[in-house]
Amino acid sequence: MKLATSRILVQLSDQERSDIERELAELNERLQHMQQQQEQTSQHIQQLNRQRDQIMKQHNNSALLQNLNACMSEQQQLLSITNAAIAELAQLKHEVLDRMKTACRTKHSYEAAHHKEKHRLQREQEQQTQRELDDLVGRRAAAHRAAGSA
């Protein structure tokens, strides 16, 4: 693999990881919003239960009790929908985290390949430099011998 290719692969894998991190942040934000909605709905249901208990103790009219029960039913449906959305977001988050792990492993392997190629090229360059130095020393020694025998 060429050095330029390995560098590009590292950059692409880093970009992929950044995209996944951004997606995870958005997902966490949505999840937090849904959890807040879940908490608010639960509190509203508790408040409605308390109001219903008070109405039943005071023997108020049944129309008010029916309206309260309808409201509680709506809130419970909203809570069910919210819980389902939270479960779906949690599953999606799990999938995104799996993709993040894969992206990190890929980036690591590309970085290792890039480092290996960089090191190989450096070794080749050092060997070439050493050969050139050896040739230069050999030519000087040969020239010195030739000058000494002449």
Single-linkage hydrophobic cluster [X]~[Y], side-chain heavy atoms < 4.5 angstrom:
X      : Y      : result
Ile81  : Met72  : no
Met100 : Tyr110 : no
Leu121 : Ile8   : no
Leu89  : Leu78  : no

Which distance, rounded to the nearest 0.5 Å, do you find between the [atom1] of [X] and the [atom2] of [Y]?
X      : Y      : atom1 : atom2 : result
Thr129 : Leu136 : OG1   : CG    : 12.0 Å
Glu16  : Thr102 : CD    : OG1   : 8.5 Å
Ile20  : Lys101 : CD1   : NZ    : 12.5 Å
Ser109 : His114 : OG    : NE2   : 13.0 Å
Ser13  : Arg105 : OG    : CZ    : 13.0 Å
Gln66  : Ile55  : CD    : CD1   : 11.5 Å

Is atom [atom1] of [X] surrounded by more than 12 heavy atoms (other residues, nucleotides or ligands) closer than 6.0 Å?
X      : atom1 : value
Arg140 : CZ    : no
Gln43  : CD    : yes
Glu124 : CD    : yes

- Item | Presence of salt bridge, Lys107 and Glu111, under 4.0 angstrom | yes

Item to check | Arg17 bridged to Asp14 by N-O distance under 4.0 Å | outcome: yes

Strictly by modelled atom types, are Gln128 and Glu132 linked by a side-chain donor-acceptor pair under 3.5 Å?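 Side-chain D/A pair, Gln128 to Glu132: present.
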
Legend entry - Stepwise salt bridge (charged side-chain N to carboxylate O under 4.0 Å, His left out) test for Glu26 and Arg30: CA-CA 6 Å; Glu26 291 170 4; Arg30 286 175 38 207; over 6 Å; no

Closest heavy-atom pair, Gln75 versus Ile45, reported as atoms and distance to 0.1 Å, is CB-CG1, 3.5 Å

Pairwise side-chain contact, [X] with [Y], heavy-atom cut-off 4.5 Å (strictly under):
X     : Y     : result
His44 : Leu79 : no
Leu48 : Arg52 : no
Gln11 : Gln15 : no
Gln38 : Met34 : no
Gln32 : Gln36 : yes

For this session: Take Leu68 and Leu64 through the test side-chain contact (heavy atoms from CB on, under 4.5 Å) and record every step on the way to the result.
Result: CA-CA 6 Å; Leu68 196 59; Leu64 184 60; 5.8 Å; no

For this session: Tell me, with the steps shown, if Gln130 and Glu126 meet side-chain hydrogen bond (donor to acceptor under 3.5 Å, both in side chains).
Result: CA-CA 6 Å; Gln130 187 62 44; Glu126 287 171 358; over 6 Å; no

Please lay out, stage by stage, how Asp19 and Arg22 fare under the test salt bridge (charged side-chain N to carboxylate O under 4.0 Å, His left out). CA-CA 5 Å; Asp19 291 346; Arg22 190 172 19 270; 2.6 Å; yes

side-chain contact (heavy atoms from CB on, under 4.5 Å), that's the test. Do Leu24 and Glu21 meet it? Break it down for me. CA-CA 5 Å; Leu24 187 59; Glu21 285 175 348; 5.6 Å; no

Open item on the list: Evaluate Arg99 against Glu95 for salt bridge (charged side-chain N to carboxylate O under 4.0 Å, His left out), listing each step before the verdict.
Closed with: CA-CA 6 Å; Arg99 285 185 22 231; Glu95 292 169 8; over 6 Å; no

